[in-house]
Structure formats: structure tokens, C-alpha cells
Amino acid sequence: MATYPPPEDFAKRAHVQGMEACRALYDRAKERPEEFWGELAEQELFWFEKWSHVLEWNPPFAKWFAGGKINASYNCLDRHLTTPRKNKAALIWEGEPGDQRILTYQELYRLVCRFANVLKARGFQAGDRAIIYMPMIPELPVAMLACARLGITHSVVFGGFSAEALKARIQDLSAGVVITADGGWRRGKEVKLKPAVDEALADCPSVRDVIVHRRTGSDTPMQAGRDWWWHELEQNASETCPAEPLDSEHPLFVLYTSGTTGKPKGIQHATGGYLLQITATMKWVFDLKEEDTYWCTADIGWVTGHSYIVYGPLAAGATSLMYEGAPDTPQPDRFWRIIEKYRVNIFYTSPTAIRAFIRQGDQWPNRHDMSSLRLLGSVGEPINPSAWEWYYKVIGKERCPIVDTWWQTETGSILISPMPGAVPAKPGSATLPLPGIVPDVVDLNGNPVGVDREGFLIIRRPWPCMLRTLCGDPKRYEENYWSRIPGNYLTGDAARRDADGYYWILGRVDDVMNVSGHRLSTMELESALVRHPAVAEAAVVGKPHEITGQAVCAFVTLKRGDWNHDELGEDLRKWVAHEIGGFAKPEQIRFTDSLPKTRSGKIMRRLLREIVTSNTVAGDVTTLEDLGVLTALASQQDEE
Ligand code: PRX
């Protein structure tokens, strides 16, 4: 197995230099966690008032820095204004059509204050909830930071979600305000957002106001008394707005993610602990330096964008780059063009994107000068060693370490990743846990499985950035994460630890799929499909996919009728896009007379997975109700 030690000149300048320093940090955090995090919290963050306890742990409920008063917006903006960072670029933004905005810390502060004053004037305050449904434009972080400034808990809904999905989130959160835009640009076309808001709001009595930013300028009907143009409300808003001193445990945001049931889970994060760990990982993992231009290509609608485009980089005083559109517009070299143009130093993307770049060919990156790059990162799914090698050679020119970062919406920050100036990389492994993180690989009884054995990845101790609860459902929080292996956090991933202590993440063990690094729940997809009038039953499984890691494959039985399978297949795909969002569209719809089930009536997805992976069925089938079904399925040609 090839290993890649940190390049010498990189290690010499790194925040954490060499394995000894890395181990010392890890050991200290493990032996004296409260002292470790307490000291770091004083060093890295601004507190209006100091906490009384670093950690209060009533398993599975944690409070970090309880009694401390803090504000995320203040930490991301105000405190930089009295330093040389005041005129530093906080955000460099490029729109898909090629428009560009560079916002210094002072300018961003002014925009955030103005918008916070707008929210205030509309009567919103600490404890209220806001839904943000926007394209990747600077007003998205402005809206987040304005909410954070006042203590309004925000929930960003990815712009690719449909009206139905948006509605479910608004209702679950009982949000009082929706912040949106007319639309955004993707692949040269306008993706409208406001019509989805209008559709969703037919059924959301909690929403008093809709604030709409004008991005594309297209025709946008506004409902009098409910809808307001951002620029009009902002006209007379003052450019200063004090940041509220909030309790460290104040919920900063809720982000919905897929679980194992049809209902998405509202992952709730707090303020102080969250800010601390994402700020620390900016140094430990991204080795952030004052002069770096840092680019994370995620969408802010997912946790990666929250932690590593907005809160982490800004709290750390970085220059964070944001790009609105698709990687292949107008040509497949858009990302490389951006790296060359802005002289990006740190580049953080997903294995799906990397695999798509490999397919497009080396000529696209090769025509650009990317010598500014010094560190590369990967997130969202396991990266296969061949994609890792390509990233290392073709993008990093064998000079740049790669950080393969493992984490989840729930964990808030990166938990397992190399420190690039210290830990030798092994392609395909997220390597070692970061300071304060105590993972293990265990069997269902919680016993460690031993070296090189596959098992469940758990985290044994609470960490500052962990989710606090599921919004409105503490019982589900407890059952989902903490009860299967009592006292330990169950990640839902399978993993293996090798003789060097390196973690190899093997994928999900539950009914959650990972498509292009986006989490999708089989149950959510199945419930969407059976809501279609033609569908009797549906079973959804992940099919290995060369680019996206997994693709959605749906097995469907139909109600009585004369159906045209080609048309219906297309119709069902559109239906899923309507119910959840375009990104969740099944790649394959396979029609079948019946589904394989156990005697108790449970659909045997394991067999379906085998069918889509190999088109044959091995394994144990003795619990099957109807064996004939399997053969019919296995031999069936795809309907597509
Ligand atoms: O299965 C793991 C996979 O993505 C899941 C978390 O998804 P989500 O909450 O949407 O957050 C994605 C961005 C942090 C995990 O349970 N995953 C994430 N990063 C990696 C990974 N799998 C392998 N290697 C990674 N580096």
C-alpha cells in the first residue's frame, strides 16, 4: 500500500508539524478534554461572557460552554474589523454568467447589519426561526449571518429541493420568515426559486413574511402583504446592528438530512461548541494561513457549505471563495479557470466531482496554471484510490497533500482526517481522528472488532460540534444515535481500522444512500413513489455508479391498469423531482410483478441490491416468500 508522507516544505510551515506534534495534541485532548477545549475556546473565539463549565454531559445530551455568551456573526465579522483583516476579502464570489463580487470583512459586516435590521424591523428576534432558500449568491451567507446576529435560528434548504420538500421543512420548523430569491443560474439557465416558495406556502400558516432577493431579474409575482423585495426593505436600514450576546447553547441552525424513515431529520446545532471546532479544524485540517485563498465547492444548502464556506472560514478570518453555478459551464474547465484566476491555494471538493473531471480528460486542467494550489481536500463519500491518485497527480502535481475528511451533518465538523503537515496519507483512508475525537470500530454489542475487521463506526465521547438534538424530537435523537450501543454515538457508517490505526470508511450500514455525496433515504424515496397514483409498492436501493458513487434504482409494482412503461418511467422520475428535488431522480425504474419479501412482509432490499450490483442473486434466500419473484427480477431486462 502506497503511503504519501507530507511534503517536507509543506510540513515545515504547517500549523501542526510532524507526527509527534500531532500525537501530543491528540493525547492531551484525550487525557484532559475539558482543559483542552476550554483553552482553545479562549484562544480562538470572542465571548461576551465566559462559561461556567466546559462540558455538561447528561448522556446523550451535551452542553458545551454552558453559561457562556457568544455570537457567531460577531465572531465571523466584528472581531476582525479591529485587525488588519478589516479590508481583507472575506468572500470572493463568482456567478455562473461570469459576474464577480469581492466583499471585504467591512463590506460584509455592513450588508449583514443592514439585513439584520430588516429582519428586526419586520419583528423577528432571538428564538424565531427562518428558512433560507437561495442560490449560491453572497446574500445567502449574508442572510445566515444576519439571523445569527439576532439569534434567529436558520435552516437553509438546498435550492435543488422541490416545493414539497421545502414545505415539509417550513412546517417542521414552524418558520416565521422565508428568505429567498427570484432564481439563480445553473448550466446557463435560470433556476427559479420563488414559484416553489409560493407553492409551498399554500400550506404554511406560520410564515408571516417572504423576503425576496433579486438575482436574475426575471418576472416574479409578489403577494401583497406577504412578499417583500430585499432591496426595498433594505433602503433605509442602518449599517450597524449590535450582535446579541446569546447563550453558547443557543441553536444556531437546523439542517434537515435524510434518515431511515420517510421524514427528514432536523439536525440541530448549537453556537459556541460548533464555532470552536470548525474554527480549529480550519487550522488542523486546512492548515489555513492568513494569505490563503480558500475554496470549498459545496453548496451552502448542505452542511459542508455551512461549516466550510461560511462559518469556519469567516470565523478563522479567511478569504472564502464562492461559485454559483455548475462545474462544466460554459466548459468542463470552469473550476480550473477559477483556481487560476483567483490563485486559489486550498481546494476542497467531492469524489463525485473528481470522478467527473477524470472522465472529461486531463486536457481541461492541463491548460491552466494551478501552481497556486498547496492543499487539496475531499469530502462526502469514500474516495477510491485511483481517483485519489489522479487528484494528487493531475491537480496537485504531486506537490499538494490531500486531506480526505470524514464527517456528517450530525458531527458538524470534520472528525477524521489527516493533518496535512503531519499524517502520511494512504489513498482511500480518512486516516486518523482529530484531537478530542475518540472513535472505535465495534460489533453490535459494542465490542471492538480488532485490527482490519469490518464493524460499526462509533464515537465514544461527546465533542463540541456535535448535534444537540433532532428538532422537536429528542426521543428520535436518543434512539437513532445513542441507544443501539448505549452511551456511544452510532455514525451509521461501516469502517475498518488498520494496524496503523487508520480508518477506512466503507459506506452506510443503514437505509441511507449516498448519491454524489448527497444523502438520500430509501424510505423517503419509496414514500414519494407510492404517493403516485399508478404505484402499488416501491423498493429503492443504491446501485454502484462510476461517477456519483451510488445511483438510485427503484423497483416498482403497479396498480392494475394498462401502463406504458416507458412513459410511466419518465413520469415517475419527474414525480420524484417534484416530491423531493431533481437531484433525487432515480436513474433506473424497474417494473416488476412483485417484490421479494420475508415471511413477515418486509421487503428484502439486500437481494435487490445484489440484483442491481451483479444481476445475480447469491446469499441466503430461505426467508423469501416467493422465490420465483427473484428469478424473474434477476433475469429481467431494465425497462430503460
Ligand atoms: O457515509 C459517510 C459519508 O457521508 C455521510 C454523511 O453525509 P452528510 O451528512 O450528507 O454529510 C456529508 C458531508 C460531510 C457519512 O455518514 N462520508 C462523508 N465524508 C466521507 C464519507 N465517506 C467516506 N469518506 C469520507 N471522507
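Treat the numbers as computed from the prediction; the structure is a model and nothing was measured. Start at 1 and go down the list; that is how both ligands and their atoms are numbered.
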Chemist: For W93 and Y323, does a side-chain donor sit closer than 3.5 Å to a side-chain acceptor?
Modeler: no

Chemist: Can you tell which of G412, S307, P382 gets a heavy atom nearest to atom 23 (C) of ligand 1?
Modeler: P382

Chemist: May I ask you to decide if the ring planes of H154 and H306 are parallel, tilted or perpendicular, using 30° and 60° as cut-offs?
Modeler: tilted

Chemist: List every atom of ligand 1 that sits less than 4.0 Å from any heavy atom of V379, numbering the atoms from 1 in the order shown and giving each element.
Modeler: 13 (C), 14 (C)

Chemist: Which residue holds the protein heavy atom closest to atom 25 (C) of ligand 1, what is that atom called, and what is the gap in Å?
Modeler: E381 O, 3.5 Å

Chemist: List every atom of ligand 1 that sits less than 4.0 Å from any heavy atom of I505, numbering the atoms from 1 in the order shown and giving each element.
Modeler: 22 (N), 23 (C)

Chemist: With distance as the sole criterion, is a donor-acceptor pair present between the side chains of R169 and Y256 under 3.5 Å?
Modeler: no

Chemist: Could R355 and E546 be called an ion pair, given the rule that one side-chain N must be under 4.0 Å from one carboxylate O?
Modeler: no

Chemist: Among side-chain atoms of W504 and D498, is any donor-acceptor pair under 3.5 angstrom?
Modeler: yes

Chemist: Give me the residue, atom name and distance of the protein heavy atom closest to atom 10 (O) of ligand 1.
Modeler: R519 CD, 3.3 Å

Chemist: For atom 4 (O) of ligand 1, tell me which residue out of G380, G428, A494 has the closest non-hydrogen atom.
Modeler: G380

Chemist: Thinking salt bridges, do R484 and E479 make one under a 4.0 Å N-O criterion?
Modeler: no

Chemist: Which of the atoms of ligand 1 are close to N514, meaning less than 4.0 Å from one of its heavy atoms?
Modeler: 3 (C), 4 (O)

Chemist: In the protein, what heavy atom is nearest to atom 15 (C) of ligand 1, and what distance, to one decimal place, separates them?
Modeler: D493 OD2, 3.2 Å

Chemist: State plainly whether the residues R453 and D443 are in salt-bridge range, i.e. N to O under 4.0 Å.
Modeler: no

Chemist: Kindly identify the option in L520, T491, T409 whose heavy atom sits closest to atom 9 (O) of ligand 1.
Modeler: T409

Chemist: With nothing but distance in play, are any N or O atoms of T257 less than 3.5 Å from an N or O of ligand 1?
Modeler: no

Chemist: Can you classify the ring geometry of Y392 versus W388 as parallel (below 30°), tilted (30 to 60°) or perpendicular (above 60°)?
Modeler: parallel

Chemist: So which protein heavy atom does atom 6 (C) of ligand 1 come closest to, and at what separation?
Modeler: W407 O, 3.7 Å

Chemist: Ignoring angles and geometry beyond distance, decide whether T304 reaches within less than 3.5 Å of ligand 1 through its nitrogen or oxygen atoms.
Modeler: no

Chemist: Tell me the protein heavy atom at minimum distance from atom 16 (O) of ligand 1, and give that distance in Å.
Modeler: R508 NH1, 2.8 Å

Chemist: When E410 is tested against each of V303, L467, L470 for side-chain contact (heavy atoms from CB on, under 4.5 Å), which residue passes?
Modeler: L467

